[in-house]
Protein chains: 2
Amino acid sequence: MARYRPWRQIAADLRRAIETGEYGPGERLPTGGALMERYGVARQTVQNAIEQLRSEGLISSTPGGRVQVRTRRPIQRLARNRLSREERVEGRGAFLTDAAAGQWRPQVDVTIHPQAADAAVAHELRLTDGAEVFVRERVMRADGVPVQLATSYLPRDLTRGTAIEQENTGPGGIYARLEETGHRLIHFVERVRTSAPDDTEAAALGIGRGEPVLRITRVAYSSDRALELNRIVAVAERFELVYELPAD
Amino acid sequence: MARYRPWRQIAADLRRAIETGEYGPGERLPTGGALMERYGVARQTVQNAIEQLRSEGLISSTPGGRVQVRTRRPIQRLARNRLSREERVEGRGAFLTDAAAGQWRPQVDVTIHPQAADAAVAHELRLTDGAEVFVRERVMRADGVPVQLATSYLPRDLTRGTAIEQENTGPGGIYARLEETGHRLIHFVERVRTSAPDDTEAAALGIGRGEPVLRITRVAYSSDRALELNRIVAVAERFELVYELPAD
DNA sequence: AAGTGGTCTAGACCACTTG
DNA sequence: AAGTGGTCTAGACCACTTG
């Protein structure tokens, strides 16, 4: 046992044990006390090793609870299929499309309200500061566990008098409603970044510090204007983003 | 000062100071000792706050060095343009295309060797286990700082006798060479995940634990086969991935 | 009530960078 | 040589979960 940075060795040992299946998905790791004794180290040192494995996405832990090997497979988020017109016509939103492909149970909670666009939202939608937008905030769950927050902003003139201002937007969701009112979608641009969550996001997603999130900013365009800004915060460990790109 | 989890307050104060510009890009934060005194807390508590800000991508720190506000803007990685045939014909590789768009100085170090495909590589390229592949390992730097590792695997029968087996693959890189030998690229599939780096990756990229990386797996396809597997490990904080998606 | 993961203090030392 | 960020020990307590 190295005297300097023994947490590396502890993390390496546990990582190997997980990868070889000694600790299978959903199983508990040894308790902190057991690891302290086994390696002859202090509590903080064990904690450093645990923190590393958590940031690698191998384990999850809850205070008072237990340290568990992660069991859930990543949700495949299929960028091409999920936004296709075919799926929209069939009446499924993108999250539901992913669920059907991945065989998990989707659940979406929505809150809606109009508001004045701040500078960032106005810039993305090419509106003037303070223009009215309609906001749909969604918490998405997979098999009951929150995995994603998505907040959509649409220029109010596109949504007034449509089902987009209802809690339930109807079959095909907001994109189907936009196309019905003559706003044909041409393309989407997605920008992907990653970072740690802030306190509000961490609480809503039920994750701790150090568990990274994906931040996806998506703008939907018609031929002449920006129709929707969607800001997504997703538990990084739970997702694999899949993009299909033409070579031409 | 809250007695329980004071690191949250310390992190919040520092975050605000960075966001308001009190500590500008490249500037140092107060030393650990100063923060211990100011908040009346122990060293570990300050460390917890610093760790949080680092995982949010706001600061970077080096042992013996200093804690600095991050200065570099994210590298825009433009998935559509960077792989377009037009760019390839103009003779620029994808990384160089990004550099031209983002105005930073690119540098690529390459090591090359043939090897037998392991099970994972064989699966992605639809080869039999142990089939020979040609491997190109690249370390990519922006303005001298390592930002990305990329390892390409190509079936050996596609590369033998071509410049793909040279260090310098010539104008347009390996995709241009593949197309010259009759393997027309039809599409790419990119899969994006994120996690912490392992020790080797952290050392090569010069980042610490808790700084997440993006793991991008890209496969290039012709009409009838998989031509190349590229495994990319990129410093998450430095990148913004941009994808353009058709609505049809 | 007992157990567990997480956080805290106080003090020490290590590895590294800057003068 | 001095300063700094990072890690460690030993022990305590907190918040939470499970019995």
Side-chain angles (χ1 to χ4, degrees), chain A residues 1-12 14 23 26-56 58-70 145 196-197 199 202-203 206-211, chain B residues 1-12 14 23 26-56 58-70 145 196-197 199 202-203 206-211:
Chain A
M1 193 68 201
R3 279 175 14 268
Y4 186 59
R5 302 220 266 187
W7 69 259
R8 284 171 173 263
Q9 187 60 48
I10 300 171
L14 291 173
Y23 303 112
E27 280 184 48
R28 297 185 63 174
L29 293 190
T31 65
L35 292 171
M36 287 166 68
E37 193 174 356
R38 181 187 305 175
Y39 288 96
V41 297
R43 186 164 199 73
Q44 182 69 47
T45 304
V46 169
Q47 198 61 28
N48 287 344
I50 295 296
E51 178 96 9
Q52 173 65 19
L53 294 178
R54 197 173 50 184
S55 74
E56 291 176 18
L58 287 174
I59 61 173
S60 63
S61 59
T62 46
R66 41 197 61 195
V67 178
Q68 271 186 318
V69 178
R70 286 257 187 190
V145 181
D199 282 354
I207 58 177
R209 60 189 274 245
E211 284 198 72
Chain B
M1 193 68 200
R3 279 174 14 267
Y4 186 60
R5 299 221 268 190
W7 69 259
R8 284 173 172 261
Q9 188 59 49
I10 301 172
L14 292 173
Y23 303 112
E27 280 184 45
R28 297 183 64 174
L29 293 190
T31 65
L35 292 171
M36 287 166 69
E37 193 174 356
R38 180 187 305 175
Y39 288 96
V41 296
R43 186 164 199 72
Q44 182 70 46
T45 305
V46 169
Q47 197 63 29
N48 287 344
I50 295 296
E51 178 96 9
Q52 173 66 19
L53 295 178
R54 197 172 51 185
S55 74
E56 292 175 18
L58 288 175
I59 61 174
S60 62
S61 60
T62 45
R66 40 197 62 196
V67 179
Q68 271 186 317
V69 178
R70 285 258 189 192
V145 180
D199 282 355
I207 58 178
R209 59 190 275 245
E211 285 198 71

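Lettering follows sequence order; numbering is per chain, from 1. In this text, all values refer to a predicted model and were calculated from it rather than measured experimentally.
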key: Main-chain N/O of B:A196 paired to A:E56 side chain as donor or acceptor, under 3.5 Å   = no
inquiry  = Between A:Q68 and A:S60 (side chain of the first, backbone of the second, donor and acceptor by atom type, cut-off under 3.5 Å), is there such a pair?
reply    = no
Nearest-Å distance, [atom1] ([X]) to [atom2] ([N])?
X     : N     : atom1 : atom2 : result
B:Q52 : D:dG5 : CD    : P     : 18 Å
B:W7  : C:dG6 : CH2   : P     : 12 Å
B:Q9  : C:dT7 : CD    : P     : 16 Å
A:E37 : C:dG3 : CD    : P     : 15 Å
A:R8  : D:dC8 : CZ    : P     : 10 Å
A:M36 : C:dT4 : CE    : C1'   : 12 Å
A:L14 : C:dG5 : CG    : P     : 12 Å
A:L35 : C:dG6 : CG    : C1'   : 15 Å

query = Within the structure shown, what part of the strands sits under 4.0 Å from B:R54 by heavy-atom distance: base, sugar-phosphate, or nothing?
reply = sugar-phosphate
request  = Return the 5'-most residue of the pair B:P30, A:N48 with respect to DNA chain D, ranking by each residue's nearest nucleotide.
outcome  = B:P30
ask   = Taking only side-chain nitrogens and oxygens of B:R5, does any of them come within less than 4.0 Å of OP1 or OP2 of C:dT7?
value = yes
Closest non-hydrogen atom pair, [X] against [Y]:
X     : Y     : value
B:R38 : B:P30 : NH2-CG, 3.7 Å
B:G33 : B:R43 : N-NH1, 4.4 Å
A:P6  : A:T45 : CG-CG2, 3.7 Å
B:A11 : B:A49 : N-CB, 3.8 Å
B:I59 : B:V67 : CD1-CG1, 3.6 Å

key: Test side chain to side chain contact (heavy atoms under 4.5 Å, CB included) applied to B:L29 and B:V69, step by step   = CA-CA 7 Å; B:L29 293 190; B:V69 178; 4.1 Å; yes
remark   = Base-pair string, DNA chain C, Watson-Crick plus G-U, cut-off 3.5 Å on both distances, | for inter-strand, is ||||||||||||||||||.
Between the protein and nucleotides 9-16 of chain D, list the N/O to N/O atom pairs that are separated by less than 3.5 angstrom.
{"from": "D:dT9", "atom 1": "OP2", "to": "A:A42", "atom 2": "N", "distance (Å)": "2.8"}
{"from": "D:dT9", "atom 1": "OP2", "to": "A:T45", "atom 2": "OG1", "distance (Å)": "2.3"}

message = Exactly one of B:R28, B:E51, B:Q47, B:R54 should register a side chain to side chain donor-acceptor pair (under 3.5 Å) with B:S61. Which one does?
response = B:R54
